[in-house]
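Take a look at the structure set out below.
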There are 2 protein chains.
Amino acid sequence: MKEKDFEGIRSLPLFHEMEEENFQELMRVAYFQTFPPQIELISEGEPSDFLHIVADGMVELFSNWNNRETTMAIVRPVGTFILAATVRDAPYLMSARTLEKSRIVLLPSQDVRAVFDKDNAFARAVVTELAACYRSVIKASKNLKLRTSTERLANYMLRRQELAGGAPSFELPIEKRKIASQLGMTPENLSRALRTLGEYGLEIDGLKVTIADRDDLTRFAKPTPLIDDPGT
Amino acid sequence: MKEKDFEGIRSLPLFHEMEEENFQELMRVAYFQTFPPQIELISEGEPSDFLHIVADGMVELFSNWNNRETTMAIVRPVGTFILAATVRDAPYLMSARTLEKSRIVLLPSQDVRAVFDKDNAFARAVVTELAACYRSVIKASKNLKLRTSTERLANYMLRRQELAGGAPSFELPIEKRKIASQLGMTPENLSRALRTLGEYGLEIDGLKVTIADRDDLTRFAKPTPLIDDPGT
DNA sequence: GCCGTTTCTTGATCTCGATCAAGCCCTTGG
DNA sequence: CCAAGGGCTTGATCGAGATCAAGAAACGGC
């Protein structure tokens with residue numbers, strides 16, 4: 001079981017170029033754990049003892065303030081989270097919970113920092129990864145500040161369609177309330193915004209979305225790589 | 001003139017620990033330029049040819065979409081910007097303009113990447129800096145999603161007071177319209193929110209702010225290091 | 001298969017914030 | 001000194017989104 005995970009982790013850009021010896025060392029000290037759904041893995045404010053890797057399942061990153069809560073991101077296999085806190089040895093800024101049964105790999109932060117110090121390829125990969133994380137949050141921030149909720153939803157749907165392979169019909173990956181929270185809106189509002197997007201050829205039935213005319217929706221959504229492209 | 005700047009730059013965490021030789025190399029290939037106010041230094045979407053350092057003056061980072069514009073951050077001496085784009089060799093996600101007469105140091109991105117590859121101390125510093133940038137954007141995002149505009153303003157004022165040394169009276173560093181845009185609100189709304197904060201002991205006259213009772217304002221603002229602390 | 005829970009939806013209402021418009025004040029340049 | 005322009009404030013109105021409430025649909029557990 002562990003060996004299967006090794007491959008997946010090794011294939012991540014973050015671990016792909018590092019020395020085999022150092023990779024093995026990290027795997028040796030790693031904890032492999034399976035969690036049921038709805039388990040809070042970490043809480044914001046706690047010291048960052050582990051770098052987390054989602055080997056299987058799905059994890060939600062969220063934050064609280066003054067009895068309000070918001071979803072910051074969803075992490076899917078194979079992805080990592082809390083890299084920045086690990087690097088800086090600072091408290092977590094977000095909490096994390098499993099959304100479904102998930103297999104999580106925990107790398108002790110101090111070991112990650114130790115390998116970082118002696119493995120240049122790994123150090124480079126950490127920098128590249130962090131820069132990517134930074135840019136994706138900047139994009140999320142632009143999305144929030146420059147667009148209305150319906151515009152955010154339209155672009156979200158276009159992106160989901162791409163990730164699903166481009167077919168006119170596809171399934172939403174998470175419940176709508178989480179999508180709403182991620183997009184900075186209420187579930188009620190999401191419902192209404194979906195009806196609004198019907199005017200631009202978007203049909204929804206449960207979690208199944210059908211985009212009749214992509215061009216039509218695109219004209220409304222006005223996507224730009226400087227906000228919507230996950231890679232660059 | 002240049003030598004004076006050297007010290008300021010060298011004192012930055014980003015450049016402080018690197019080899020003197022490599023630092024000198026970077027300074028040798030750097031461009032030192034003074035710009036008048038309101039000059040657009042870079043535009044989002046352009047390739048990232050230079051890492052920028054604000055040696056003197058003030059620079060606004062902003063973004064546009066669909067005829068809307070928002071202020072993302074203000075960079076003050078001595079601070080850098082566009083580090084993530086430089087590292088990834090990816091297009092700028094934000095534009096930048098001078099707000100006042102500013103002296104800017106431009107480091108060619110490829111030289112920065114070259115030094116990064118051979119100087120471990122610099123590489124480590126880049127990672128630390130990027131992690132800090134990432135965390136500050138996450139905080140900004142939480143601020144936007146979890147708070148109302150008046151709550152954001154109250155916390156902004158508390159932070160400004162700290163940065164000004166803690167005295168009851170202090171001056172705002174930029175025009176209110178920029179503050180409004182940074183906080184994700186309109187100038188009109190900022191004006192009204194300031195009046196609202198009067199109920200909690202905040203007085204404003206032009207750019208001069210007086211906080212009569214910090215505890216009172218704090219009870220309303222409910223600041224938390226997980227959103228408002230710039231350092232951690 | 002049924003019950004209880006939770007999510008989703010829809011409608012009504014309200015609040016926050018945006019927009020539009022006008023007047024004031026300050027700065028800047030002639 | 002005056003005129004022009006821009007930033008700031010204030011009021012009125014509008015619109016987006018939040019909240020409250022209730023019913024419908026989906027899901028999970030026994």
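To find a chain, count down the sequence lines: A is the first, B the second, and so on, and within it residues start at 1.
- Contacts between residues 173-182 of chain A and DNA chain C, defined by a heavy-atom separation under 4.0 Å, are made by A:Glu175, A:Lys176, A:Arg177.
- Checked against salt bridge (Lys or Arg N to Asp or Glu O under 4.0 Å), B:Arg76 has no partners two or more places apart in sequence or in another chain.
- Computed from coordinates, the B:Leu190 CG to D:dT10 P distance equals 12 Å when rounded to whole Å.
- For residues 128-140 of chain B, no pair satisfies side-chain hydrogen bond (donor to acceptor under 3.5 Å, both in side chains), with sequence neighbours left out.
- To the nearest angstrom, P of C:dT9 lies 11 Å from CE of A:Met185.
- For the helix from C:dG1-D:dC30 to C:dG30-D:dC1, the axis fitted to the five pairs at one end and the axis fitted to the five pairs at the other end meet at an angle of 50° (nearest 10 degrees).
- Listed here is the closest heavy atom pair of B:Ile179 and B:Leu172: CD1-CD1, 3.9 Å.
- One interatomic measurement links the two molecules: CD1 of A:Ile204 to C1' of C:dT10, which rounds to 16 Å at whole-angstrom precision.
- Residues passing the side-chain contact (heavy atoms from CB on, under 4.5 Å) test with B:Asp49, sequence neighbours excluded: B:Pro47.
- Residue pairs satisfying the side-chain hydrogen bond (donor to acceptor under 3.5 Å, both in side chains) criterion with at least one member in residues 34-48 of chain B, sequence neighbours excluded, are listed as follows: A:Lys142-B:Glu44, B:Glu40-B:Ser43.
- Checking side-chain atoms of B:Arg152 against main-chain N and O of B:Leu183 turns up a donor-acceptor pair under 3.5 Å.
- Scanning for side-chain contact (heavy atoms from CB on, under 4.5 Å) contacts around B:Leu163 gives B:Arg159, B:Arg160, with sequence neighbours left out.
- For A:Thr196 (side chain) and A:Arg192 (main-chain N/O), a donor-acceptor pair under 3.5 Å exists by modelled atom type.
- Between the side chain of B:Ser11 and the backbone N or O of B:Gly8, at least one donor-acceptor pair lies under 3.5 Å.
- Contacts between residues 139-158 of chain B and DNA chain D, defined by a heavy-atom separation under 4.0 Å, are absent.
- A:Glu69 meets the salt bridge (Lys or Arg N to Asp or Glu O under 4.0 Å) test with A:Arg97; sequence neighbours excluded.
- Taking B:Asn189 as the reference, nothing meets the side chain to side chain donor-acceptor pair (under 3.5 Å) condition, with sequence neighbours excluded.
- Taking atom CG on B:Leu207 and atom P on D:dG7, their separation rounds to 13 Å, with Å as the unit.
- When the C1' atom of D:dT10 is taken as reference, atom CG of B:Leu194 falls 13 Å away, rounded to whole Å.
- Applying the side-chain hydrogen bond (donor to acceptor under 3.5 Å, both in side chains) rule to pairs touching residues 220-230 of chain B yields B:Arg147-B:Asp228, sequence neighbours excluded.
- When the C1' atom of D:dA16 is taken as reference, atom CZ of A:Arg195 falls 16 Å away, rounded to whole Å.
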Protein proximity profile, nucleotides 19-30 of chain D - base contact B, sugar-phosphate-only contact S, no contact -, cut-off 4.0 Å on heavy atoms: BB----------

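- When all heavy atoms of B:Phe81 and B:Leu51 are compared, the closest pair comes out as O-CD1, 3.4 Å.
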